Undergrad: 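Right, I'll just put the structure down here and ask away after.
Just so it is clear, the model here is predicted, and its values are computed rather than measured. First the proteins, then the strands, lettered A, B, ... as listed; each starts at 1. When reading the values below, keep in mind they use all heavy atoms of this one structure, side chains included, and skip hydrogens, waters and symmetry mates.
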Protein chains: 2
Amino acid sequence: MEPKITIKEIAKLAGVSVSTVSRVLNESPSVSDKKRAIVKKVIDDYNFQPSMVARSMISNKTHTIAVLLTDITNPYFTAQIEQIERYGREQGYSLLMFNTMTAGHSNSDNPAADEIKVFETIIEKQVDGVIILGGEIDREKVDQDYLKALNQLNDQVPVVIIGQPNPDCSCLFIERDEAMGARLITTHLLASGYHRIGFIGGEPGIKITTQRLTAFKQTMSIYAEVSNSDIELSDFYIQDGYSSMTTMLKTKPLPDAIVAINDRVGQGAIRALADQHLRVPEDIAIGSCDAFPDAEWMVPRMTTINQHNEVLARIAVQQLLHLINNEQLDSVQTHLPELIIRESCGAKLRHQQTEKSDNT
Amino acid sequence: MEPKITIKEIAKLAGVSVSTVSRVLNESPSVSDKKRAIVKKVIDDYNFQPSMVARSMISNKTHTIAVLLTDITNPYFTAQIEQIERYGREQGYSLLMFNTMTAGHSNSDNPAADEIKVFETIIEKQVDGVIILGGEIDREKVDQDYLKALNQLNDQVPVVIIGQPNPDCSCLFIERDEAMGARLITTHLLASGYHRIGFIGGEPGIKITTQRLTAFKQTMSIYAEVSNSDIELSDFYIQDGYSSMTTMLKTKPLPDAIVAINDRVGQGAIRALADQHLRVPEDIAIGSCDAFPDAEWMVPRMTTINQHNEVLARIAVQQLLHLINNEQLDSVQTHLPELIIRESCGAKLRHQQTEKSDNT
DNA sequence: TTGTAAGCGTTATCAC
DNA sequence: GTGATAACGCTTACAA
């Protein structure tokens, strides 16, 4: 392990003062070409990299942003973090990742406290900004200590949150139109000719669940009835789709179609149905939300809603950088969920059948 | 944005010297209970967090480790990074994540240069250690500039790599027995009664591909013939499984079974087969490697090899910490790939059929 | 037990 | 153009 070479030694080796080296490092014009050449050579020869730590002491900038998420294993988050890392790096920022793993089937007995602890580390580390992708803030009822800690954090360093705004939180929220996506998929199923439609997945007490479920119910209420036994909440994971669907299978007769809260849940549902020798979409149709990359390759290919989460992630970084640089924020951009019709909804199948019977 | 409070102001407010505050911060015993109490109160009141940056200047430690990977979207990597983040955080380390996105269908024309650039950032940021999960180092022929830069990096800060050792690289490697996994799955298919077995997926020129393919061929050669037309390399993603399988479908007759280089590729293959109304395992069996979490819920459930990548990730952190603290390394731990028999291989199906025909 | 002062590696502010 | 020197926030001898 070679000891790190410093600007002082470079200066000595080049026969100049540290200030001159510093000037060369920062591309200041007020250095003679001759000295600049000498210094550059020494820097190159010794492969000198100035210490960001020392620089940070002076500038009060670390060129680092922190990202908080609850499950790095979840494609919903990785799609976003991929964009954040990429765009951040383009702008000269590195990414400190904190993965609380409090989502889903977690073993933490106090997720709020876990996140608060992360906030402390973030302050210590003196990042320039923070992006929160999910966690405690997504709850209908947010822990008060958590909220206080979050506001305190936002007081020290700009915090951008991708999620539904909380009136008691001073952070900047990048909003997603959850209701619209749920309306789109529900309407699509109705328009495809299904009348009895169920809803599965989503953790109760989480805003995304409530909002999608509410939108589902509202949309349904215009055209048809929804019984509570056709709604099975659980969580956002594949095993939750499996368990919700399995429970629903005890209902007779089954709904014609199902709205799954996301593609993972949809996939779990397909698995549960297959175990009972039920086919999708022939025996029951499935539409879902949050287009995950694999959904296009499933059997059947999943009809779903693309929420364009990567776009939101990019906007989050942009706004955060504005906050960091005290620039004006971009005006709020519209967020358009998009329906992707594939196979699991059976729409095309039905259409073909209709055409066929029309011809007869 | 409140300006950050410093140790100096805490000292003034508490009516003591900065050293006393520092002592309290560092739990030094040589502070009177009285002063300690006063200082603690002020710290608490003002919610003071000492600056890691300033501390790092002195200690030359940032309590940060960097992780390099090529695709955060890939479950192969997220399983590992989840462990690294968790275990690292338990030990007081934060994680700087660099995602080069050079894997798979990348748009980078020079992945080696991309990684070299990341190395520079890592040195600047003065992390305490580095873990590399994949990238240029996985190639059969590693770029020489890259290798030089990597060795230089390892000269400044300890680097641990999860992957196959490279004799020209001075970093510490955590090795995985790729060959053994491939042997296990191949033998399993052979033992299940398949004779003509194909191999799909994996990027040519990548060690993991070569090693698994070689092990596959060797194992096969003991019991049966393998024709080159039954081998279709491509890459590690779902669309690669689809394309490889689609290509292979032009071969008549088809192999009885397929070894996929990982579960994603296997999933793509199932999709390609379904498009031709071919069933797995009835028409063709599939065995794969690298148990991804979803594989258990696919239709059919995927027979695969669990390489226990999370365990390797944990070992990598442990060894890295030893390196950081100049402690003795743990002795090399054995790594045991494990066969998970599910549905896609058709082993159970065949067994039942055999039993049935035995009874007749 | 406590305080003073030097020092960590850089940049910024002065003189020269 | 260039070079001393102070400053950033903290820790750590060394003194008292």
Undergrad: In whole angstrom, give the distance that lies between atom NZ of B:Lys61 and atom P of D:dT12.
TA: 13 Å
Undergrad: Are B:Lys41 and B:Asp45 within salt-bridge range, i.e. N to O under 4.0 Å?
TA: yes
Undergrad: It should be established whether B:Lys35 places a side-chain nitrogen or oxygen under 4.0 Å from OP1 or OP2 of nucleotide C:dG3.
TA: yes
Undergrad: Taking for each residue the nucleotide of DNA chain C bearing the nearest heavy atom, is the 5' side occupied by B:Pro29 or by A:Leu25?
TA: B:Pro29
Undergrad: Which of these passes side chain to side chain contact (heavy atoms under 4.5 Å, CB included) with B:Ile132: B:Leu150, B:Asn154, B:Val118, B:Ile162?
TA: B:Leu150
Undergrad: Rounded off to whole Å, could you give me the CD1-to-P distance for the B:Ile5 and D:dC10 pair?
TA: 10 Å
Undergrad: Send over the distance from B:His63 NE2 to D:dT11 P, rounded to a whole Å.
TA: 11 Å
Undergrad: With a 4.0 Å cut-off on heavy atoms, is A:Asn60 in touch with a base, just the backbone sugar-phosphate, or nothing at all?
TA: nothing
Undergrad: Check if the side chain of B:Ser19 and the base of C:dT4 share a donor-acceptor pair of N or O atoms closer than 3.5 Å.
TA: yes
Undergrad: Using a cut-off of strictly less than 4.0 Å, decide whether B:Arg55 has a side-chain nitrogen or oxygen near OP1 or OP2 of D:dC10.
TA: no
Undergrad: For D:dG3 and A:Ser17 - does any side-chain N or O of the residue sit under 4.0 Å from the phosphate oxygens OP1/OP2?
TA: yes
Undergrad: Applying a 4.0 Å non-hydrogen cut-off, can you work out what A:Val16 is touching in the nucleic acid: base, sugar-phosphate, or nothing?
TA: sugar-phosphate
Undergrad: Provide, to the nearest angstrom, the distance between the CD atom belonging to B:Gln126 and the P atom belonging to C:dC8.
TA: 14 Å
Undergrad: Rounded to the Å, how far apart are B:Met57 CE and C:dG9 P?
TA: 6 Å
Undergrad: I want to confirm an ordering. Mapping B:Arg23 and B:Ile58 to their closest nucleotides on DNA chain C, which one lands closer to the 5' end?
TA: B:Arg23
Undergrad: Determine whether more than 12 heavy atoms belonging to other residues, nucleotides or ligands lie under 6.0 Å from atom NZ of A:Lys207.
TA: yes
Undergrad: Which nucleotide wins on minimum distance to the side chain of A:Ser30, given the candidates C:dG9, D:dT2, C:dT1?
TA: D:dT2
Undergrad: Please confirm whether the shortest side-chain N or O distance from B:Thr20 to OP1 or OP2 of C:dG3 is below 4.0 Å.
TA: yes
Undergrad: Should A:Ser94 and B:Lys125 be marked as a side chain to side chain donor-acceptor pair (under 3.5 Å) after you check the CA-CA gap, both sets of side-chain angles, and the distance that decides it?
TA: CA-CA 9 Å; A:Ser94 303; B:Lys125 286 276 153 87; 2.8 Å; yes
Undergrad: Starting at CD of A:Glu124 and ending at P of D:dG9, how long is that distance when rounded to a whole Å?
TA: 16 Å
Undergrad: Between C1' on D:dG9 and OH on B:Tyr46, what's the gap in Å once rounded to a whole number?
TA: 19 Å
Undergrad: For C:dA12, does the base pair up with any side-chain atom of A:Ser22 as donor and acceptor (N or O, under 3.5 Å, distance only)?
TA: no
Undergrad: Taking OP1 and OP2 of D:dT2, is either one under 4.0 Å from a side-chain nitrogen or oxygen of A:Ser32?
TA: yes
Undergrad: Rounding to a whole Å, what distance do you find between B:Ile123:CD1 and C:dT10:C1'?
TA: 18 Å
Undergrad: Any chance you could measure A:Asp114, atom CG, to A:Phe98, atom CZ, to the nearest 0.5 Å?
TA: 13.5 Å
